[in-house]
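Note sheet for the following structure.
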Amino acid sequence: MRIAMIGTGYVGLVSGTCFADFGHHVTCVDKDEGKIAALRAGKIPIFEPNLDRLVAENSHGGRLDFTTDLKGPVGEADAVFIAVGTPSRRGDGHADLTYVYAAAREIAAALNGFTVVVTKSTVPVGTGDEVERVIRETRPDVDVAVVSNPEFLREGAAIQDFKHPDRIVVGLTDERAKAVMAEVYRPLYLNQAPMLYTGRRTAELIKYAANAFLATKITFINEVADLCEKVGADVQEVARGIGLDNRIGSKFLHPGPGFGGSCFPKDTLALIKTGQDYAAPLRIVETVQAVNDTRKRAMARKVLAALGGNLRGRTIAVLGLTFKPNTDDLREAPSIPLITALQDMGAKVRAYDPVGMAGAGTEFSGVTFADGPYACAEGADALVIVTEWEQFRALDLEAIKRVMKQPVVIDLRNVYRPAEMAALGFVYDSIGRTRVPE
Ligand SMILES: NC(=O)c1ccc[n+]([C@@H]2O[C@H](COP(=O)([O-])OP(=O)(O)OC[C@H]3O[C@@H](n4cnc5c(N)ncnc54)[C@H](O)[C@@H]3O)[C@@H](O)[C@H]2O)c1
């Protein structure tokens with residue numbers, strides 16, 4: 001199979017590389033010349049574990065290449081995937097489909113012979129219909145089938161997720177397209193990954209419903225955590241106690257500073273807008289979005305309380321900037337509103353992140369960056385763990401305590417145990433558990 005991947009970001013690069021690894025011939029296309037030049041030189045523009053090795057192997061194997069020119073690869077392709085960004089539209093929160101429709105127009109002009117055009121970007125219900133209309137309007141002569149194939153990979157575990165998906169959702173009506181999609185995913189099908197064939201609109205909605213449900217689970221446990229703090233219960237045990245019920249499941253029941261990242265915030269918002277447009281409002285999702293929105297900044301109040309109600313002139317060490325571990329992605333990261341709130345309260349912020357600092361300069365102003373967790377903690381009045389990177393799970397706490405001005409830790413990921421932290425002499429606050437010492 002020959003595949004053209006339009007958009008070489010987190011999803012396009014991972015999907016394209018994995019398809020090449022299945023044995024297909026893949027060309028990844030992007031408008032960003034710097035990105036394509038870097039990839040051609042063997043440099044990976046994003047941080048994603050093991051992606052560098054897989055890109056190198058498949059490039060050397062002649063199955064994966066990179067270009068800024070869409071025309072040739074689309075003309076030769078059996079399947080063209082659209083994996084461009086669909087950010088929130090400024091002003092109203094609807095998904096901004098400008099990039100998708102622009103790509104569809106360019107693809108239409110380059111199509112040659114029967115081709116399946118697959119939307120992998122997360123797009124609202126009905127976008128596939130519009131992509132098809134745009135293509136047919138641009139090129140009335142083309143033989144094309146437009147398919148929806150939403151992506152469920154998680155940054156930080158993207159290759160594993162792509163190669164071992166819980167399911168592959170494919171929305172289509174055209175039987176020829178079904179044969180092409182079956183061939184594209186054949187190696188996974190052999191591994192027994194369930195292929196769910198459905199209508200195009202249904203496939204589009206499955207993606208949003210999945211993300212909104214996961215976001216709801218996170219927000220639910222976050223609110224339960226707040227209640228735990230008020231009533232003296234332990235949210236870790238509540239989460240375990242409910243998660244062992246198979247009907248509930250233990251995943252996505254980890255309390256924290258609120259969900260962030262490139263998907264959940266924008267996808268919940270876009271789904272809310274779709275619901276409102278169709279007079280079928282999703283009240284639960286609306287509440288989830290509103291609750292989560294205020295939570296990130298509210299985390300600064302924990303720091304304020306732990307330091308006796310005054311942050312002016314205090315130095316706060318922040319460990320972790322990315323929205324989760326194993327990615328360099330800062331989009332909608334909880335660290336951003338949290339740090340702004342700390343600064344608004346008069347604090348000086350020093351931060352450290354294992355990979356997220358490269359892009360942090362543009363996101364944060366007035367923050368100094370340290371070159372490790374201990375340098376970050378040096379002379380600090382409080383240390384806040386915002387992202388649960390592996391290296392923050394086994395800090396030398398005696399060393400941290402020695403270098404800090406005062407031993408105050410606010411752990412927004414519940415990485416440590418309150419009793420242990422109290423025994424070491426820390427003032428320790430976390431999420432959904434009683435602050436120690438009481
Ligand atoms: N990041 C994730 O974890 C994830 C997971 C599942 C689904 N998604 C969805 O996948 C889509 C892509 O997300 P992403 O995180 O990879 O975005 P991204 O911003 O990392 O990458 C998008 C890329 O598309 C390129 N592009 C835009 N228009 C183009 C055009 N006309 N031709 C060629 N290239 C073009 C951009 O230059 C950019 O490199 C979004 O709809 C997102 O919601 C993302």
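Ligands are counted one by one from 1 in listed order, and the atoms in each one are counted from 1 as well.
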Ala83, portion touching ligand 1 at heavy-atom distance under 4.0 Å: backbone
Is Arg154 touching ligand 1 with its side chain, its backbone, both, or neither, if touching means heavy atoms under 4.0 Å apart? neither
When you look at [atom1] of [X], are more than 12 heavy atoms from neighbouring residues, nucleotides or ligands closer to it than 6.0 Å?
X      : atom1 : result
Tyr99  : OH    : no
Arg89  : CZ    : yes
Asp396 : CG    : yes

Do Tyr185 and Phe22 have ring centroids that are under 6.0 Å from one another? no
Aromatic contact, Phe19 with Phe81 (centres under 6.0 Å): yes
State, with a plain yes or no, whether a side-chain heavy atom of Thr86 is found less than 4.5 Å away from one of Asp96. no
Please examine the side chains of Pro257 and Leu338, heavy atoms only from C-beta on, and report whether any two atoms are closer than 4.5 Å. no
What class does the angle between the rings of Tyr352 and Phe392 fall in, given that below 30° is parallel, 30 to 60° is tilted and above 60° is perpendicular? perpendicular
Once you measure the plane-to-plane angle for Phe264 and Phe252, does it fall in the parallel (<30°), tilted (30-60°) or perpendicular (>60°) bin? tilted
Distance filter under 4.0 Å to [X] heavy atoms, resulting ligand 1 atoms:
X      : answer
Lys266 : 42 (C), 43 (O)
Lys35  : 38 (C), 39 (O)
Lys207 : 6 (C)
Glu106 : 31 (N)
Ser262 : 1 (N), 2 (C)
Ile6   : 32 (N), 33 (C)

Among all protein heavy atoms, pick out the one at the shortest distance from [atom]; state its residue, atom name and that distance to 0.1 Å.
atom                    : value
atom 33 (C) of ligand 1 : Lys31 N, 3.5 Å
atom 5 (C) of ligand 1  : Leu153 O, 3.5 Å
atom 41 (O) of ligand 1 : Thr86 OG1, 2.5 Å
atom 26 (N) of ligand 1 : Val84 CG1, 3.7 Å
atom 1 (N) of ligand 1  : Glu155 OE2, 2.8 Å
atom 22 (C) of ligand 1 : Gly85 N, 3.6 Å
atom 37 (O) of ligand 1 : Asp30 OD1, 2.6 Å
atom 15 (O) of ligand 1 : Arg331 NH2, 3.0 Å

Taking atom CD1 of Ile284 and atom CZ of Phe213, what is their separation to the nearest 0.5 Å? 9.5 Å
If only side-chain N and O atoms count, and only distance matters, is there a donor-acceptor pair under 3.5 Å linking Glu76 with Asn112? no
Please determine if Tyr10 has a nitrogen or oxygen closer than 3.5 Å to a nitrogen or oxygen of ligand 1. yes
Against ligand 1, does Ala102 come closer than 4.0 Å with any heavy atom? no
